[in-house]
Amino acid sequence: QASLIPNSNLVFISLNGEKPFLYSAETGAPVVELKTYDRYSDFAAFSPDAKRLVTKNGEVFDTESGALLISLKATGGISTVRFHPTKNVIVTGGLDKVVRTWHAESGALLQEFKGLEDYPKQLDFSPDGNRLIVSTIYEGKGMVWDLDKGERLVKSIASAEFSVNGKVQLVPSTWHTALHDAVSGTLLHVEAFRGHHLKSHPTKPYFLAQKNGEDAFLAVASHGRRIATLPGMTAVRGAVFHPVEEKVAAYTSEGQSVA
């Protein structure tokens, strides 16, 4: 497993059965060994300032020295983990189907969010950091929570992304995509997209989607209106938007790619 540290020249790489290192993204040489680490982890998340990383084992390391800073006392193990984008908080999804928030320096448990019917596989935040999307391993079991109020906003989703303004939430499933107001939870629009192929633009309020058997297309997040198509891209497996230029790179199950 490899994870690029934001705004740095380092990448986290963990090989099964071996201690993970932070490597140079340019030379590939090992730079920082994660000290006292003796357990394999297939995922790491980084703090917004890139000075700390947390693994799925709940261990938080200093990215400059490799020193172990704290260990989160997560009951039953962790399936996914993220740093909060605006607060000194770590969020974990547990194998006991409970989402927890922790103080990122002391490791103190802050909140618990219960009610999931399946194991969390991914955590995503709204741009302001106030709302959390929890996607689960099996489709249709995820939820959206208001972190400040501790309230559940939307339930029974497959996975989701917030639009760039944080007001519209895309909730894809195998058969359809529902556009919700992320504050009230009000359903805005539904269309039979191939929702698991969705990708939101990082800075503008539109997203990439696809209907069964049709070319992939770009649509406006607030109402689903199409604004462009990708000719010939009928089985898109994934896509990445360029952070600055008006480009999108997509690939299909047949090995096609387009930019």
Side-chain angles (χ1 to χ4, degrees), residues 3 5-7 12 14 20 34-37 39 41-137 141-157 159-162 166-167 169 171 180-185:
S3 303
I5 301 179
N7 304 314
F12 166 86
S14 177
L34 301 185
K35 298 177 176 63
T36 74
Y37 187 102
R39 290 180 293 166
S41 176
D42 63 356
F43 180 76
F46 302 94
S47 60
D49 61 7
K51 293 183 179 180
R52 291 168 293 171
L53 70 85
V54 57
T55 70
K56 277 175 59 175
N57 295 324
E59 294 175 318
V60 181
F61 295 90
D62 183 286
T63 57
E64 293 184 1
S65 67
L68 176 65
L69 301 176
I70 58 172
S71 294
L72 305 178
K73 306 302 181 183
T75 304
I78 296 172
S79 59
T80 185
V81 61
R82 287 281 303 274
F83 273 93
H84 193 283
T86 62
K87 299 179 181 179
N88 196 24
V89 169
I90 295 171
V91 182
T92 61
L95 293 174
D96 57 358
K97 304 176 186 177
V98 178
V99 175
R100 296 176 173 88
T101 61
W102 312 79
H103 192 280
E105 292 184 2
S106 68
L109 178 63
L110 302 176
Q111 294 172 292
E112 290 188 335
F113 299 89
K114 299 181 180 181
L116 286 174
E117 298 178 3
D118 192 31
Y119 305 112
K121 72 172 182 178
Q122 183 173 326
L123 306 171
D124 293 290
F125 297 92
S126 60
D128 60 9
N130 291 335
R131 282 150 290 155
L132 175 70
I133 296 172
V134 182
S135 304
T136 54
I137 293 176
K141 303 292 186 179
M143 296 183 180
V144 181
W145 272 286
D146 184 308
L147 291 177
D148 289 338
K149 298 179 180 179
E151 297 177 353
R152 185 175 63 192
L153 301 177
V154 183
K155 65 178 182 178
S156 301
I157 63 172
S159 60
E161 291 182 303
F162 284 101
K167 295 181 179 179
Q169 166 198 320
V171 185
H180 290 264
D181 183 286
V183 177
S184 66

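The salt bridge (Lys or Arg N to Asp or Glu O under 4.0 Å) pairs that include a residue from residues 80-95 are Arg82-Asp124, Lys87-Asp148, where partners are two or more places apart or lie in different chains.
Across all non-hydrogen atoms, the minimal contact from Val98 to Glu112 is CG1-CB, 4.1 Å. Closest of all the heavy-atom pairs between Pro85 and Gly129 is CG-CA, 4.0 Å. Lys114 approaches Trp145 most closely through the heavy-atom pair O-CZ2, 3.5 Å. Closest of all the heavy-atom pairs between Asp96 and Arg100 is OD2-NH2, 2.7 Å.
Here Leu69 contributes atom CG and Ser106 contributes atom OG; the two are 12.0 Å apart, rounded to the nearest 0.5 Å. Phe83 CZ to Asp49 CG: the interatomic distance, rounded to the nearest 0.5 Å, is 8.0 Å. The line from CG of Leu34 to CG of Leu53 is 5.5 Å long, rounded to the nearest 0.5 Å. For the atom pair Leu68 CG and Lys35 NZ, the distance stands at 11.0 Å (nearest 0.5 Å). Atom OG1 in Thr63 sits 9.0 Å away from atom NZ in Lys51 (nearest 0.5 Å). Atom CG of Leu109 is separated from atom CD1 of Ile90 by 12.0 Å, given to the nearest 0.5 angstrom.
Side-chain N or O atoms of Thr92 include none that pairs as donor or acceptor with a backbone N or O of Gly94 at under 3.5 Å.
For the side-chain contact (heavy atoms from CB on, under 4.5 Å) test, residues two or more places apart in sequence or in another chain that qualify with Glu105 are Arg52, Asn88, His103. Judged as a salt bridge (charged side-chain N to carboxylate O under 4.0 Å, His left out), and not counting sequence neighbours, Lys73 has no contacts. Ala74 meets the side-chain contact (heavy atoms from CB on, under 4.5 Å) test with Ile78, Trp102; sequence neighbours excluded. By the side-chain contact (heavy atoms from CB on, under 4.5 Å) test, Thr80 is found to be paired with Pro120, Leu123, residues two or more places apart in sequence or in another chain being considered. Leu147 is linked by a side-chain contact (heavy atoms from CB on, under 4.5 Å) to His84, Phe113, Phe125, Leu132, counting only residues two or more places apart in sequence or in another chain.
Counting heavy-atom neighbours within 6.0 Å of Gln111 CD, excluding the residue itself, gives a total above 12.
Under the side-chain contact (heavy atoms from CB on, under 4.5 Å) rule, Asn57 has a single partner from Val60, Val54, Thr55, which is Thr55.
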